[in-house]
Amino acid sequence: DTEVTQTPKHLVMGMTNKKSLKCEQHMGHRAMYWYKQKAKKPPELMFVYSYEKLSINESVPSRFSPECPNSSLLNLHLHALQPEDSALYLCASSQGIVNTEAFFGQGTRLTVV
Amino acid sequence: AQSVTQLDSHVSVSEGTPVLLRCNYSSSYSPSLFWYVQHPNKGLQLLLKYTSAATLVKGINGFEAEFKKSETSFHLTKPSAHMSDAAEYFCVVKVKSGANNLFFGTGTRLTVIP
């Protein structure tokens, strides 16, 4: 199994809603990542988890809250988002942080209305 | 400091002709280099990687890239373009030190003309 699975594929939410994005991998990878990608732009790193501990937070607003319940799962909790947060949210995993390639999920297309 | 420059934001080729997508990098350390492809509204798929072994790297779908340290380049090539190759391509550099060590180029959109 070389897949990173993200759910849902599409999400429309209001600015007062609370929702969660989910990511799962069964490759035994110990590093997991959240990226945000706007149209026609490269992905921007949001968070990095290493061995289920948050190791990087790229100055992301607190309305985005990551969670890593175990080594296979990564969640992104969303609350009080703004329309400019609409984007493709990509999850990725890698065997480690150093010198290994990242495997990406298909992404969640988020629209904030 | 690390950075990646993709020299062309858009490349257009005819089906069956060669593809060349250019990438230059700068890195203070010996880098690992990757090419990813992204089809519309999809995630990123790894095409190939260079991690200090052979300088000519073969990837999936007939793509290959050559690491040239003297030119700090890692250009992506394919002998014959297929319609299904139309997508966005990202060159990515990864350095060995520092946790946030994945640096993306701005991407090259490849169009294949029938």
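Just so we're on the same page: letters track the sequence lines, and every chain starts at 1. All values derive from a computational prediction rather than experimental measurement.
- Applying the 6.0 Å contact sphere to NE2 of His10(A) captures no more than 12 heavy atoms from other residues, nucleotides or ligands.
- When the side chains of ILVMFWY residues are joined at heavy-atom separations under 4.5 Å, either directly or via intervening members, Ile60(B) and Val57(B) end up in a single hydrophobic cluster.
- Using a 4.5 Å cut-off between non-hydrogen atoms, the part of residues 104-113 of chain A that approaches chain B consists of Phe104(A), Gly105(A), Gln106(A), Arg109(A).
- Tracing side-chain contacts under 4.5 Å through hydrophobic residues (I, L, V, M, F, W, Y), one reaches Met15(A) starting from Leu11(A); they form part of the same cluster.
- A distance of 12.5 Å separates NZ in Lys9(A) from CG in Asn41(B), rounded to the nearest 0.5 Å.
- Under the 4.5 Å side-chain contact rule for hydrophobic residues, Leu54(A) and Leu76(A) share a cluster.
- To the nearest 0.5 Å, the span separating CD on Glu101(A) from OH on Tyr50(B) amounts to 15.0 Å.
- At a 4.5 Å heavy-atom cutoff, the contact between Lys49(B) and chain A is made by side-chain atoms alone.
- Interface remark: Gln6(A) contributes no atoms to any contact with chain B (heavy atom separation under 4.5 Å).
- Gln37(A) is listed as a side-chain neighbour of Gln38(B), based on a closest heavy-atom distance under 4.5 Å.
- Residue contact with chain A, scored on non-hydrogen atoms closer than 4.5 Å, involves the backbone and the side chain of Leu44(B) alike.
- Residues passing the ring pair (Phe, Tyr, Trp, His ring centres under 6.0 Å) test with Phe64(A) are Tyr89(A), sequence neighbours excluded.
- Distance check: Lys40(A) NZ to Glu88(B) CD gives 8.0 Å after rounding to the nearest 0.5 Å.
- Under the 4.5 Å side-chain heavy-atom criterion for ILVMFWY residues, no single connected hydrophobic cluster contains both Phe63(B) and Leu56(B).
- Lys41(A) and Phe90(B) make their closest contact through O-CZ, 3.9 Å (heavy atoms, listed as atom of the first residue, atom of the second, distance).
- The parts of Ala102(A) that come within reach of chain B are both its backbone and its side chain, each placing non-hydrogen atoms under 4.5 angstrom from that chain.
- Applying the ring pair (Phe, Tyr, Trp, His ring centres under 6.0 Å) rule to His75(B) yields no partners; only residues at least two apart in sequence or on another chain are considered.
- Within the structure, the disulfide (SG to SG under 2.5 Å) test picks out the following pairs touching residues 8-78 of chain A (sequence neighbours left out): Cys23(A)-Cys91(A).
- Considering only heavy-atom pairs separated by less than 4.5 Å from chain A, the leading option among Gly105(B), Gly43(B), Ser9(B), Gly107(B) is Gly43(B).
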